[in-house]
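Values reported hereafter were calculated over all heavy atoms of this structure, with side chains retained and with hydrogens, waters and symmetry mates removed. Position 1 is the first residue of the sequence; numbering continues from there.
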Amino acid sequence: MLGVVENHSLPRTAAFFDLDKTVIAKSSTLTFSKSFYRGGLINRRAALRTAYAQFVFLAGRADHEQMERMRKYLSALCRGWNVQQVKEIVAETLHDLIDPIIYDEAASLIEEHHTAGRDVVIVSTSGAEVVEPIGELLGADRVVATRMVVEDGVFTGEVEYYAYGPTKAEAIAELAESEGYDLSRCYAYSDSVTDLPMLESVGHPHTVNPDRALRREAGTRGWPVLCFNRPVRLKQRRPSLSMPPRPVLAVAAAVGAAAATAGLLWYTNRRRALYARI
């Protein structure tokens, strides 16, 4: 249990959740690759690359350098995409693609934090055109996400704000100042060692399905290690755990194409053979 309901005479508190492999079982951005392909935004080759990137991501084999290179690739890939079309594709396929991969354990935690009077904030490296609808589906109060530069209704391919690593912690600090959160009493959840600054910024850090490096840090620091392994549709959860409707206040706004999610292993000919099997 997460404790009693917050005493509202005290400073406000929040629970900050990474999204990919923490709240949902896959990469939020790459999950939409087939939908973007069917919508004509990407070609077959790009769809295969993102499919393999999803494999690398799920296998936990993408390191910082690989993720940075994939960010650049995805940023270039989305150049010229119509923003409204991206929003429509995400809205049309959100329930079919995302609802089935939400961890039951994460959904329960979100409910428990709300019951305790805490705000719930999704802090994701994926872009906000993807993260904001997912946040609304989850009943989050706020969203921090990567945003891309938009001109004349299309993405330029440039990143305006990259919610990754230390910038996540900076965004949390800014929210704490604007919303009056007492970070020493706040909670944070992540699977990746790249979110170490975010976890260090709160008084109650938790690791979820941690990668090897984060698991070592958790052991050294005595942080809780949670195992989430039950993806389930929200409507299939027990009625007592159904998600309450909550407004999403977007802190960052732009596309999910700049997500940090995979690696560059597909650059080699050997990886091309893997594409054909996906």
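Under the 4.5 Å side-chain criterion, counting only non-hydrogen atoms from C-beta, V144 is not in contact with F16. Using a 4.5 Å cut-off on side-chain heavy atoms (C-beta onward), N209 and K21 make no contact. Side chains of T194 and K168 form no contact here, defined as non-hydrogen atoms less than 4.5 Å apart. Residues R216 and R212 meet the side-chain proximity criterion, which asks for heavy atoms closer than 4.5 Å.
In this structure, CG on L109 lies 4.5 Å from CZ on F228, to the nearest 0.5 angstrom. Going from atom OG1 of T146 over to atom OH of Y164 covers 11.0 Å, rounded to the nearest 0.5 Å. Between atom CG of residue L137 and atom CD1 of residue I24 there is a gap of 10.0 Å, rounded to the nearest 0.5 Å. Between the NZ atom of K87 and the CG atom of N82 there is a distance of 10.0 Å, given to the nearest 0.5 Å. To the nearest 0.5 Å, atoms OG1 (T207) and CG (D191) are separated by 9.5 Å. From E200, atom CD reaches atom CD of E217 across 7.5 Å, with rounding to the nearest 0.5 Å.
Taking A173 as the reference, nothing meets the side-chain contact (heavy atoms from CB on, under 4.5 Å) condition, with sequence neighbours excluded. In terms of the side-chain contact (heavy atoms from CB on, under 4.5 Å) criterion, residue partners of N229 (sequence neighbours excluded) are, by chain and number, E105, C227. With sequence neighbours excluded, the residues satisfying side-chain contact (heavy atoms from CB on, under 4.5 Å) with E151 are V149, T156. In terms of the side-chain contact (heavy atoms from CB on, under 4.5 Å) criterion, residue partners of V232 (sequence neighbours excluded) are, by chain and number, D104, Q236, R237.
The nearest pair of heavy atoms linking R118 to T13 is CG-OG1, 3.1 Å. In this structure, Q85 and G39 approach most closely via the heavy-atom pair NE2-O, 2.9 Å. Scanning both residues, S126 and S124, for their nearest heavy atoms gives N-OG, 3.0 Å. In plain terms, the two heavy atoms of Y189 and T22 that are nearest each other are O-CG2, 3.8 Å. Taking each heavy atom of A169 and M198 in turn, the nearest pair found is CB-N, 4.0 Å. Closest of all the heavy-atom pairs between F155 and C78 is CB-O, 3.6 Å.
When hydrophobic side chains of Ile, Leu, Val, Met, Phe, Trp and Tyr are connected at separations under 4.5 Å, L196 ends up clustered with V193, L199, L214, W223.
For CZ of R38, the number of neighbouring non-hydrogen atoms (other residues, nucleotides, ligands) closer than 6.0 Å is 12 at most.
For the side-chain contact (heavy atoms from CB on, under 4.5 Å) criterion with S28, the lone passing option out of T125, I134, I122, V23 is I134.
The backbone N or O of V202 lies less than 3.5 Å from no partner atom in the side chain of H204, so there is not a single donor-acceptor pair. Not a single donor-acceptor pair under 3.5 Å links the side chain of R12 to the backbone N or O of D119.
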Taking only distance into account, with no hydrogens and no angle test, what donor-acceptor pairs under 3.5 Å do side-chain atoms of residues 90-103 form with protein atoms, sequence neighbours excluded?
unit_1	atom_1	unit_2	atom_2	d
T93	OG1	I89	O	2.8
D99	OD1	L234	N	2.8

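No chain of hydrophobic side-chain contacts below 4.5 Å, direct or via other Ile, Leu, Val, Met, Phe, Trp or Tyr residues, connects V130 to V154.
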